[in-house]
Each structure stands twice: as C-alpha cells, then as structure tokens.
2 protein chains.
Amino acid sequence: MLEATTGQGLRATGRRMTRTRKAVLALLERTHQPLSASEIFSQLQEADVAIDLVTVYRTVNVLKEIGLVVQLDLHQEGQSRYELKEGRKHHHHIRCQICGKIVDLLLCPLKKLTKLIEARTQFIVGDHTLEFSGLCPQCQ
Amino acid sequence: MLEATTGQGLRATGRRMTRTRKAVLALLERTHQPLSASEIFSQLQEADVAIDLVTVYRTVNVLKEIGLVVQLDLHQEGQSRYELKEGRKHHHHIRCQICGKIVDLLLCPLKKLTKLIEARTQFIVGDHTLEFSGLCPQCQ
DNA sequence: CCATTATTGCAAGTCTATTGCAAATAACAC
DNA sequence: GTGTTATTTGCAATAGACTTGCAATAATGG
C-alpha cells in the first residue's frame, strides 16, 4: 500500500483522504507513464470508478500542493501531465513524437549550470523545465 | 530593414508578404522580449495596426514554418511566446516569477547530454525544451 | 489592369482548465 | 452507531488559448 493513500499528508493540511483521491493515487501508482487529467479521467472510467473530470483537476492540484505528485509540462503538448513523486529523485523525460511514449531520464545535469546562470544573470533560479522529444526505438 | 520583411522566405513557399506579416515581424524586431499572441495583438492595436487575433495566430505559425520565428513554451505559462530567429544561435531563457521579465541565456549545455541520452534510451533526440524561472534582480 | 490564389476578418467551435453552488460524504466528538 | 461540521464532489457555467469554415479582401504574376 502506498504510504500516500493512508492520508497523513492530507490530514496534516486539514484535508481528507477520499475514495476518489485514493483512486487517482492508485492509478498513478500502477501506471508507469505520466498521465494527463483527461487520461486519468478516462482510465478511471474504464476501471468503473465514477469521477468527474473537474474532480480530477482538483485532485491533482491538491496532490501537487501537498507534494505527492509532480506536474510536468512536456514539450508542446498543450496539457499537463502528473506523476507520483514517492521519494523519487528530480528527473526529466523524453517523449516520442510519434507514439507519445514517455521515458524517464534518470539524471539532471543542471546544478552547475544553475550556478553559472545565477552568476551571469543575477537571477535567483527557482525552477527549471527540461524535456526532450524525439523518436523512440520502435518508431524510428 | 529586416531581411525577413523583403519576403524571400515567404515567396519561396508560395506565400505572400502582406502588411500584417510585416507588422508582426517589425514588432518582433523592435521588441526585445518574446511575445505571446495576445501581446502581439494588443501591441499592434496600440500602434494602430488593424489586425485580428486569429490572424496573429496564423501569422506566427507561418513565420515559424518558414523558420523566421521560434516558438517558446516557457515554464507553466499556459501560452506560447514567439521571438525572431534572425540567424541567432539556439538559446534558452529565464523568466522572473514575479514581474515576468524574460532574459536570454546565451548558451545551451545539452549537446553532450543529447548524445548520452541517445546512447541510454535508444531514442533519436529531435528537440528539447529548457527554461528556467526564478527571481530577477529587481524582484528579489 | 486583370485574373488567380493566398490571406484576412468574423463567427463559431475545440480543448484544457477553473469557478460557483448545492448536494454528498469524510472526520470527529459523543 | 449517531449527529455535527467542514471538506469534497458533481454539475453547469465560465475562462482562456488556439483552431476552423467561409465569404470578402488583397497580393502576386502576366
């Protein structure tokens, strides 16, 4: 059982662990692709979990706020995707331009670069987005 | 005068250099920030150039297709921005989370990383997005 | 200048995501 | 378990970015 589904993080912020939130977390747990809100919606429908698309949006936002879920804005997709955080290290992704498959890149090369950018621009760097797209082995 | 506004790139693809396309190119030339479609629209209105928002969208798409303009998807902005290419080197940006100022980063550290990703994932890498956000010197 | 064909403006539509509000339900005290 | 209360949900409506259909307009080539 996911630590998350016991609801500590939620209750600690005055929120409740509900059936729909459990269902979204469980779906994200058994899915190994970052999912969009509409994908979460339709996959839960197929699994006979009654949930409104609006509730999906509200749920992923809450899960993001309490740090259980990460929001991804992949390269020119026009929609956000969500994946479980679950103590995983910060990482990036590559997405196949043809079949849409998304693969994790288990690295982030940007720590040194962040220092360099801060020195050059005088900004304080807060966050970054790094996403690749290309052709996966099957689609080449 | 911008090379672009003479229209070779357009005519070479069976397209025409029109007053509105010139106006969009000229605006992008004199503006040193990447602009969104709605910003292009409103700034042209202020400059008394009659143009429809729909035409702005179609124009930036054409300019992107013929390679005069680059489309940026900045970090969780929910809209695209456009900047002139004009022979400039591929580069990335940092955006202030408070005032929205966007500064060019005149570097791209990803050539070696691209090779590494191709070796590890067997993808052929086609493109990437790398955008930073943070606090600019004035907003700190 | 004329004919052809690309381009524009307007209206309507699509898609992602958000908000208001009444009804449902989880958490908690008893 | 029962009841109370605040959170959460579903539905409808709305917002914002962007696209499409189509008739009217305007740029090019002869």
Side-chain angles (χ1 to χ4, degrees), chain A residues 4-27 34-45 48-66 68-82 100, chain B residues 4-25 27 34-45 48-66 68-69 71-82 100:
Chain A
T5 57
T6 59
Q8 296 101 313
L10 285 167
R11 271 185 236 109
T13 57
R15 281 181 261 237
R16 295 168 183 179
M17 175 52 71
T18 64
R19 208 191 318 164
T20 59
R21 287 177 182 169
K22 272 184 197 155
V24 171
L25 282 167
L27 174 64
L35 299 178
S36 67
S38 59
E39 286 171 347
I40 293 171
F41 174 70
S42 55
Q43 293 196 26
L44 288 180
Q45 296 252 299
D48 280 313
V49 177
I51 188 173
D52 194 90
L53 180 57
V54 173
T55 304
V56 174
Y57 279 107
R58 286 195 270 232
T59 299
V60 291
N61 280 326
V62 167
L63 297 177
K64 187 178 68 170
E65 276 170 34
I66 63 176
L68 290 181
V69 151
V70 180
Q71 177 177 358
L72 310 178
D73 292 302
L74 298 190
H75 199 218
Q76 304 202 347
E77 265 215 318
Q79 64 185 36
S80 292
R81 292 180 174 274
Y82 302 88
Chain B
T5 57
T6 59
Q8 296 101 313
L10 285 167
R11 273 186 233 108
T13 57
R15 281 180 260 236
R16 295 168 184 178
M17 176 52 71
T18 64
R19 205 189 322 163
T20 59
R21 287 176 183 170
K22 272 184 197 155
V24 171
L25 283 167
L27 173 64
L35 298 179
S36 67
S38 59
E39 286 172 347
I40 293 171
F41 174 69
S42 56
Q43 293 197 25
L44 288 180
Q45 297 252 300
D48 280 312
V49 176
I51 187 172
D52 194 272
L53 181 58
V54 174
T55 304
V56 173
Y57 279 108
R58 287 195 271 231
T59 299
V60 290
N61 280 326
V62 167
L63 296 177
K64 187 178 68 169
E65 277 170 34
I66 62 176
L68 289 181
V69 151
Q71 178 177 359
L72 311 178
D73 291 302
L74 298 190
H75 200 217
Q76 305 201 348
E77 265 215 317
Q79 65 184 28
S80 293
R81 292 180 174 275
Y82 303 88

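The sequence lines fix the lettering, A, B, ..., with proteins before strands; numbering per chain opens at 1.
Taking the salt bridge (charged side-chain N to carboxylate O under 4.0 Å, His left out) definition, one finds that B/E65 meets it with B/R15, sequence neighbours left out.
The distance from the OG atom of A/S42 to the CG atom of A/L53 is 9.5 Å, given to the nearest 0.5 Å. Atom CG of B/L63 and atom CG of B/L25 lie 5.0 Å apart (nearest 0.5 Å). Taken to the nearest 0.5 Å, the CG atom of A/L68 stands 4.0 Å off from the CD1 atom of A/I66.
Residue B/T20 is in sugar-phosphate contact alone, with no base atom involved, counting any heavy-atom pair closer than 4.0 Å across all strands shown. Using a 4.0 Å heavy-atom distance criterion, B/S80 is classed as a sugar-phosphate-only contact.
Of the listed residues (B/L35, B/V54, B/V56), just one forms a side-chain contact (heavy atoms from CB on, under 4.5 Å) with B/F41, and that residue is B/V56.
Proximity of A/T55 to the phosphate of D/dG10: a side-chain N or O atom is located under 4.0 Å from OP1 or OP2.
Residue pairs meeting the salt bridge (Lys or Arg N to Asp or Glu O under 4.0 Å) criterion with at least one partner in residues 34-44 of chain A, sequence neighbours excluded, are A/E39-A/R81.
Atom P of nucleotide D/dT19 and atom CD of A/Q79 are separated by 15 Å, given to the nearest angstrom. Between B/E39 atom CD and D/dC18 atom P the separation is 11 Å, expressed in whole Å. Atoms CG (B/N61) and C1' (D/dC18) sit 9 Å apart, rounded to a whole Å. Nucleotide D/dT8 holds its C1' atom 14 Å from the NZ atom of A/K22, rounded to whole Å. Rounded to whole angstrom, the span from the CD atom of B/E77 across to the P atom of D/dC18 amounts to 10 Å. Taking atom CG of B/L53 as the reference point, atom C1' of D/dG16 lies 11 Å away to the nearest angstrom. Separating the CZ atom of A/R15 from the P atom of D/dT9 is a distance of 11 Å, rounded to the nearest angstrom. Between the C1' atom of D/dT19 and the OH atom of B/Y57 lies a distance of 10 Å, rounded to the nearest Å.
A/R58 contributes a side-chain N or O that forms a donor-acceptor pair with the base of D/dG10 under 3.5 Å.
Toward the 5′ end of DNA chain D lies the nearest nucleotide of B/Y82, the other residue of the pair B/Y82 and B/R19 mapping further downstream.
Extent of DNA chain C lying under 4.0 Å from chain A heavy atoms, first and last nucleotide in 5' to 3' order, is C/dT16 to C/dA27.
A donor-acceptor pair under 3.5 Å links the side-chain atoms of B/R21 to the main chain of B/R16, judged by distance alone.
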